[in-house]
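Input: a single structure, listed below in structure tokens.
Bear in mind that the values here come from a model prediction, so they are computed numbers and not experimental data. Counting begins at 1 with the first residue of the sequence. Excluded from the calculations below are hydrogen atoms, water molecules and symmetry mates; all remaining heavy atoms, backbone and side chain alike, are included.
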Amino acid sequence: GFSIPAVINVKPEQRIWNSSLALIADYERTRLIETTGINERRIAALNSIEKYFSYGIDKLLQQCNWDALNIDVVICITQTARPSIPSVACVLQGKHKFRTDTLCFDINLGCSGYVYGLQTAMALLNSISNDKARAIVCCGDLSSLLLAPDDATTQPIFSDAVSITAVTKAPSHNTVYFNTSTYGEGRNAINTETIGHKEVMRLNGIDVFNYSVQYVPPHINQLLQYAEMDIPQVDLFVFHQANKLINLTIGKILNIPTYKTPETLSLYGNTASASIPITLDHNIRNSGNMPNTMVLCGFGVGFSIASALIKTNEQITTFTYEWQ
């Protein structure tokens with residue numbers, strides 16, 4: 001079995017409010033906030049995802065009382081590595097002095113990346129003979145690096161944050177099921193183009209909505225069918241925080257009560273692959289309860305979808321820090 005001892009989230013200190021966004025007229029701001037659910041966003045002071053991952057790793061090692069020399073796998077999921085070479089995981093290996101035989105590599109994925117990271121980490125841990133093998137999964141993006149200052153479609157949506165998750169082999173009764181799907185015809189719903197010397201993100205909101213509501217509900221139903229479970233048997237559904245309209249529509253299609261679909265859009269905006277662990281932490285802290293059965297579902301850029309059904313009797317310790 002596997003255990004998730006801790007999740008560390010790192011959000012930048014700087015806040016930007018959509019209510020004062022100069023790109024959009026007053027009446028449009030109100031409608032945009034109502035539709036997306038996004039009131040404020042976080043913008044990183046540093047342009048290095050590695051620094052935020054490193055800060056989170058320090059907090060994680062401290063919280064778990066882990067020694068860097070006992071880490072077997074380090075995975076970094078990001079699409080905003082600057083520079084792109086060498087991989088962020090290799091830089092972190094040198095900085096934190098992980099063993100030279102520790103598996104260290106990056107994964108280029110966005111909104112679905114957190115679940116992909118968990119699945120990859122668990123598969124690799126299962127291949128290691130050590131019954132106490134440990135992995136660190138770093139995920140997140142500094143999306144602000146990709147935002148064109150005059151683009152009113154992306155500026156109000158995307159936000160910066162990262163998350164660091166500890167995963168370990170454990171003689172527990174935890175059960176995890178995964179489902180992953182890729183619809184490459186949706187690759188242009190969110191993409192980048194180079195303008196001058198800057199790579200900027202482009203967003204087609206209608207396409208993102210259509211792909212999400214068309215493909216995500218059956219994807220989740222497939223997962224539950226495989227696990228021989230029904231919607232009412234799941235305590236919590238933690239969706240990627242794309243926007244309010246998308247998530248409400250998915251919930252309605254699946255007939256999920258809104259109290260089972262927590263949101264953090266209003267506080268943090270769309271934080272890419274970090275949005276699921278950030279929302280899980282927010283829910284645990286505000287409800288005081290650790291769900292025994294939960295579905296995590298990330299979907300977006302690619303068009304990529306990944307979901308996990310986790311059944312556990314263990315408490316996942318979660319923390320969120322503000323930093324630069």
Are Thr279 and Thr264 close enough, and set up right, to give a side-chain hydrogen bond (donor to acceptor under 3.5 Å, both in side chains), and what steps lead you there? CA-CA 6 Å; Thr279 304; Thr264 53; 2.8 Å; yes

Are the side chains of Val200 and Thr192 in touch, meaning some heavy atoms are under 4.5 Å apart? no

Main chain of Gln79, side chain of Asp141: is a donor-acceptor contact present, judged purely on distance under 3.5 Å? yes

Leu109 reachable from Leu296 in the ILVMFWY side-chain graph, under 4.5 Å edges: yes

Establish, from distance only, whether the side-chain atoms of Tyr177 and Ser307 form a donor-acceptor pair under 3.5 Å. no

Flag side-chain contact, heavy atom, 4.5 Å: Ile24 against Leu32: yes

Using a 4.5 Å cut-off on heavy atoms from C-beta on, say whether the side chain of Ile316 contacts that of Met294. yes

Test question: given the 4.5 Å side-chain rule for I, L, V, M, F, W and Y, name all other residues clustered with Leu267, or answer none. Tyr268, Ile278

Please give me the minimum heavy-atom distance between Pro156 and Leu21, naming the atom from each residue. CG-CD2, 3.6 Å

Using a 3.5 Å distance criterion without hydrogens, assess whether the side chain of Asn247 forms a donor-acceptor pair with backbone atoms of Phe239. no

Can you find a pair of side-chain heavy atoms, one from Leu254 and one from Phe237, that are under 4.5 Å apart? no

Consider only side-chain heavy atoms of I, L, V, M, F, W and Y, link residues closer than 4.5 Å, and tell whether Leu92 and Leu103 are in one cluster. no

I'd like to know if the side chain of Ser273 reaches the main chain of Gly113, judged simply by a donor and an acceptor atom lying under 3.5 Å from each other, with no hydrogens or angles considered. no

I'd like to know whether Thr78 forms a side-chain contact (heavy atoms from CB on, under 4.5 Å) with Cys139, so could you lay out the CA-CA distance, the side-chain angles of the two residues, the decisive distance to 0.1 Å, and finally the verdict. CA-CA 6 Å; Thr78 185; Cys139 72; over 6 Å; no

Can you name the closest pair of heavy atoms from Arg41 and Gly269 and give their distance? CG-CA, 4.3 Å

4.5 Å side-chain heavy-atom contact, Thr36 and Ile157: yes

Going by heavy atoms in the side chains, are Leu236 and Val295 under 4.5 Å from each other? no

Any salt bridge between Glu50 and Lys95, counting N to O under 4.0 Å? yes

Listed once per pair and sorted, the ring pair (Phe, Tyr, Trp, His ring centres under 6.0 Å) pairs that draw on residues 293-317, sequence neighbours left out: Tyr211-Phe303, His240-Phe299

Using the rule that Ile, Leu, Val, Met, Phe, Trp and Tyr join whenever any side-chain heavy atoms are under 4.5 Å apart, tell me whether Ile190 and Val213 fall into a single cluster. yes

Do Leu118 and Thr165 pass the side-chain contact (heavy atoms from CB on, under 4.5 Å) test, and can you show the C-alpha distance, the side-chain angles, and the key distance before you say yes or no? CA-CA 9 Å; Leu118 292 180; Thr165 298; 4.1 Å; yes

Cationic N near anionic O, under 4.0 Å, Glu322 to Arg42: yes

A quick test of your reading: do over 12 heavy atoms of other residues, nucleotides or ligands sit less than 6.0 Å from CD of Glu185? yes

I'd like to know if the side chain of Gln93 and the backbone of Cys104 have a donor-acceptor N/O pair within less than 3.5 Å. no

Test side-chain hydrogen bond (donor to acceptor under 3.5 Å, both in side chains) applied to Ser3 and Glu314, step by step: CA-CA 8 Å; Ser3 177; Glu314 296 181 334; 2.9 Å; yes

If the threshold is 4.0 Å, N to carboxylate O, is there a salt bridge linking Lys198 and Glu193? no

Short question: side chain of Thr182, backbone of Gly184 - any donor-acceptor pair under 3.5 Å? no

Cut-off 3.5 Å, side chains only: do Ser159 and Thr271 have a donor facing an acceptor? no

Is there a donor-acceptor contact under 3.5 Å from the side chain of Asn174 to the main chain of Gly1? no

Hey, are Asp207 and Asn210 close enough side-chain-wise for a donor-acceptor pair under 3.5 Å? no

Side-chain donor/acceptor of Asn286 to backbone N/O of His282, under 3.5 Å: yes

Would you say CD of Gln225 has more than 12 non-hydrogen atoms from neighbouring residues, nucleotides or ligands within 6.0 angstrom? no

Distance, nearest 0.5 Å, that separates CD1 of Ile57 from SG of Cys138: 4.0 Å

Does Lys132 have more than 12 heavy atoms from other residues, nucleotides or ligands lying within 6.0 Å of its NZ? no

Linking I/L/V/M/F/W/Y whenever any side-chain heavy atoms sit under 4.5 Å apart, do Ile164 and Val88 land together? yes

Is there a donor-acceptor pair closer than 3.5 Å between any side-chain N or O of Tyr52 and the backbone N or O of Leu46? yes

Within a reach of under 6.0 Å around CG of Asn255, are more than 12 heavy atoms found that belong to other residues, nucleotides or ligands? no

For His96 against Asp58, the heavy-atom pair lying closest together: CE1-OD1, 3.2 Å

Would you confirm whether Thr80, through its side chain, and Leu142, through its main-chain N or O, come within 3.5 Å as a donor-acceptor pair? yes

Could you state whether Leu145 and Ile77 fall into the same hydrophobic cluster, counting links through intermediate Ile, Leu, Val, Met, Phe, Trp or Tyr residues with side-chain heavy atoms under 4.5 angstrom apart? no

Are more than 12 heavy atoms from other residues, nucleotides or ligands located less than 6.0 Å from atom OH of Tyr226? no

Ignoring hydrogens and angles, state whether a donor on the side chain of Asn18 or Arg29 is under 3.5 Å from an acceptor on the partner side chain. no

Can you confirm whether Lys311 sits close enough to Gln233 that some side-chain heavy atom of one is under 4.5 Å from a side-chain heavy atom of the other? no

Would you call the rings of Trp323 and Tyr55 parallel, tilted or perpendicular, where under 30° means parallel and over 60° means perpendicular? parallel

Using a 6.0 Å distance limit plus a 45 degree cone around the ring axis, check whether Lys169 lies over the aromatic ring of Phe2. no

Around atom CG of Leu69, are there more than 12 heavy atoms from other residues, nucleotides or ligands closer than 6.0 Å? yes

Take Phe105 and Thr120, measure what side-chain contact (heavy atoms from CB on, under 4.5 Å) needs, and give me the verdict at the end. CA-CA 11 Å; Phe105 60 96; Thr120 304; 3.9 Å; yes

Validation row: Asp72, Thr102 side chains within 4.5 angstrom (heavy atoms): no

More than 12 non-hydrogen atoms from neighbouring residues, nucleotides or ligands closer than 6.0 Å to CZ on Arg31, yes or no? no

Apply side-chain hydrogen bond (donor to acceptor under 3.5 Å, both in side chains) to Ser287 and Asn289, showing your working. CA-CA 5 Å; Ser287 69; Asn289 296 320; 4.6 Å; no

Stepwise side-chain contact (heavy atoms from CB on, under 4.5 Å) test for Thr35 and Asn243: CA-CA 8 Å; Thr35 304; Asn243 73 42; 5.7 Å; no

Expected output: side-chain Asp160 to main-chain Ala44 donor-acceptor under 3.5 Å: yes

